[in-house]
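Naming: A, B, ... by sequence-line order, numbering from 1 per chain. Side-chain atoms are counted along with the backbone in the values below, which use heavy atoms only and exclude waters and symmetry mates.
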Amino acid sequence: MLKRTHTCGELRISDVGKTVILNGWVDRIRDLGGILFILLRDRYGITQIVFEPSNIEVYEMAKELGPEYVIGIRGKVRKRPDEAMNPKIPTGEIEVIVDEMEIFSKSKIPPIYVNREDDTSEEMRMRYRYLDLRREGMKKNLLLRHEMAVFVRNFFNERDFVEIETPILTKSTPEGARDFLVPSRLKPGRFYALPQSPQLFKQILMISGFDRYYQLARCFRDEDFRADRQPEFTQVDVEMSFVEREDVLDLAEDLFVELIRKFKGIELEKPFRRFTYVDVMERYGSDKPITVFEHELKDLSDLFKETDFKVFRNVLEKGGVVKGLFVEKKHTRGEIGKLEDELKRKGAKGLVWFILDGGEVRSPVMKFLSESEVRSLLERMETKDRDGTIFMVADEERMHVNELLGILRSKFEKEFAEKEDFLDVFWVIDFPMFEWSEEEGRIVANHHPFTMPNSEDLERYEDDPLKIRALSYDLVVNGYEILSGSIRIHDRKIQEKVFNILGIDEKEAKERFGFFLEALEYGVPPHGGFAIGFDRLVAVIAGERSIRDVIAFPKTTSGVDLMTGAPSEVRKEQLEELGIDVKIGSDDL
RNA sequence: GGGGACGUGGUGCAGCCUGGUUAGCAUGCCGGUCUGUCACACCGGUGGUCGCGAGUUCAAAUCUCGUCGUCCCCGCCA
């Protein structure tokens, strides 16, 4: 075998004269009749190799080569003629004149282009993933992902963290996302669940005294998928003992400062900006806004206290609120109608709007408003004579107003994010500990039930638990929730109180997480941690819209692996062993 | 669970609204010419049951219904 002495990315002008062997894939063939150029590609780069008729045997062989053939060649490195140098590739000053060649394997005509970036449907790319991964874009992303993983591991290793693997086959703990289940052969009728996150294990590791733990952990959630959600994904899972919130935030900031410096060349300043949950909702209407797209929500309630516009006045008299959002886009009535419909589906009573067009203000509610009300509206919204649209929502529930305008704002954020290059990093802290779940008709944990509540709040709002804040935190990067974590409960009594509020009685708690509650009775250090959505983080750094582009073998939005065909049917015997009957209704096939 | 977009030679798209020629373009692929190309160029050629099924019609890529697949969004994702 012609075994390579160099890769296809490393030969330079200083190597001229050397006899080398290269291995790689045939990338492009340029047959000029009397001379034949081939670009030879491997993961390290591309080198031009040349076949000349003076070596007729090899030359004839080269004419038979096709795209994606894998070959080995021996030849001499030579300097290209001055006018034939290619400054676009690092090896562009040289070429290798081939005097011996071995064809390792032939290739069928590839169904997708390997040496071209666009022009391929995602369906094809996933079906022929091995070809897609040969392409520059995917190769770059996977190498970046690897480097980021190495970086993360180094960061934690240097700080005395220990990487410990936690089980993939584990116990289903309802609450949260739907579990993927794995049937147990030895205990027919019972099931393992794949972990949604290693949450309880990492806390148990703290109880075990490991002090500082991290893991690049695979997690599984059986919910519907999106551009930024796959059924299996990777978290950088971190937990530490004998710490308070500040310690955890500080460590996470160090990580992101160094990571962004290394991979983006941007210097973030510590401490990062912080918003409380209430703050960020009041200003942006979202708990993961893009703040560099300014356009904040403005409270207009005081301007309309005395207004003749009954809709506003009624809401305000009942203690409600009126808020507005200004964007520099003159909407058509059709566009506004669609936005209004969408907000109405989310419980908005209506959407009031003003179009600003060359100093003129148009709105269906103009006739109800005084000149001074309009003037102070424009001033408060800081329109500064710009054209655009002001949207206004009024409701008795303050948070509802925020959420509704936040939905609008996020649409404009997305348009902004498509065309701008930016880095927007900040903390959101003091999330509510609990929230009301409409469909379950009960209070549920906002983060998870092991999150430490703010202890003052816990005392003060025993009868109004929705007001209790949690010692939890999210790091938002470019509109994505990239990191999320909390200080955990290390006191069995507080844990019981939280279960109590959640309406989980002792028996139920025991069934679900009895092992964990028991562990809580054997000496628990104060601890806290976080998890980073690693796929999303890599995607943000790589500038990719979809995490599928930073995952080697992703699944479609319906959870199918187009390359392997998973999920697939299994043999009858396999099911019998497991004691499983598959019922497929006639509608299902 | 709901809404939307898309599905046409190997690949990426046009045609569809307003049904009626040989389904068009680009690229690939095959053959030819060409000794300095670099997305080689030029000439010639190959290649399509228009996702699948049913319906309407004298006639369906085109209209209708269903179905499958991919993508986007809502719900969901502690």
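Nucleic acid contact for A:D31: base, since at least one base atom lies under 4.0 Å from a heavy atom of the residue. Residue contacts for A:R442: at a heavy-atom cut-off of 4.0 Å it reaches no nucleic acid atom on any strand shown. Nucleic acid contact class of A:R116 (heavy atoms, under 4.0 Å, all strands): base. Nucleic acid contact for A:R345: none, since no nucleic acid atom lies under 4.0 Å from a heavy atom of the residue. Nucleic acid contact for A:A84: base, since at least one base atom lies under 4.0 Å from a heavy atom of the residue. Across all strands shown, A:M85 has heavy atoms under 4.0 Å from base atoms, whether or not it also approaches the sugar-phosphate.
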Under 3.5 Å, N/O pairs linking protein and nucleotides 42-45 of chain B:
none

Nucleotides 46-50 of chain B: which of its N/O atoms have a protein N/O under 3.5 Å away?
none

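By the 4.5 Å heavy-atom criterion applied to side chains, A:L169 and A:L194 are counted as neighbours.
Along RNA chain B, the nucleotide nearest to A:R545 and the one nearest to A:R221 differ in position, and the one closer to the 5' end is contacted by A:R545. Annotation: of the two residues near RNA chain B, A:E440 and A:S546, the 5′-most nearest-nucleotide partner is A:S546.
Taking the six-membered ring wherever Trp is involved, the centroid distance between the rings of A:F434 and A:Y461 does not fall below 6.0 Å. Ring-centre distance between A:F416 and A:H295: not below the 6.0 Å cut-off. Remark: aromatic rings of A:Y277 and A:F431 are close, center separation under 6.0 Å.
In this model, the phosphate group of B:rC72 is approached by a side-chain N or O of A:R548 to a distance below 4.0 Å at OP1 or OP2.
Of the residues in residues 406-420 of chain A, not one comes within less than 4.0 Å of RNA chain B through any heavy atom. For RNA chain B, the neighbouring residues in residues 34-49 of chain A, judged by any heavy atom under 4.0 Å, are A:G34, A:I35, A:F37, A:Q48. Contacts between residues 550-558 of chain A and RNA chain B, defined by a heavy-atom separation under 4.0 Å, are made by A:T556, A:T557, A:S558.
Straight-line distance between the C1' atoms of B:rG66 and B:rC17: roughly 22 Å, to the nearest whole Å. A distance of about 11 Å separates the C1' atoms of B:rC63 and B:rU18, rounded to the whole Å. On the C1' atoms, B:rU56 is 48 Å away from B:rA39, given to the nearest whole Å. Comparing the P positions of B:rG53 and B:rU8 gives a spacing of 15 Å, expressed to the nearest Å. A distance of about 14 Å separates the C1' atoms of B:rG7 and B:rG48, rounded to the whole Å. If you take atom C1' in B:rU27 and the same atom in B:rU64, they sit 35 Å apart, rounded to whole Å. Atom name C1', nucleotides B:rG28 and B:rU67: the rounded distance is 32 Å, in whole Å.
A salt bridge between A:E52 and A:R78 is present, with a side-chain N of the basic residue lying under 4.0 Å from a carboxylate O of the acidic one. The residues A:E68 and A:R41 are annotated as salt-bridged, a charged nitrogen and a carboxylate oxygen being separated by less than 4.0 angstrom. Taking 4.0 Å as the cut-off between side-chain N and carboxylate O, A:E340 and A:K344 count as a salt-bridged pair.
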Exercise. Reading nucleotides 7-13 of chain B from the 5' end, what letters show protein touch, with B for base, S for backbone sugar-phosphate only, - for no heavy atom under 4.0 Å?
Worked result: ---BBS-
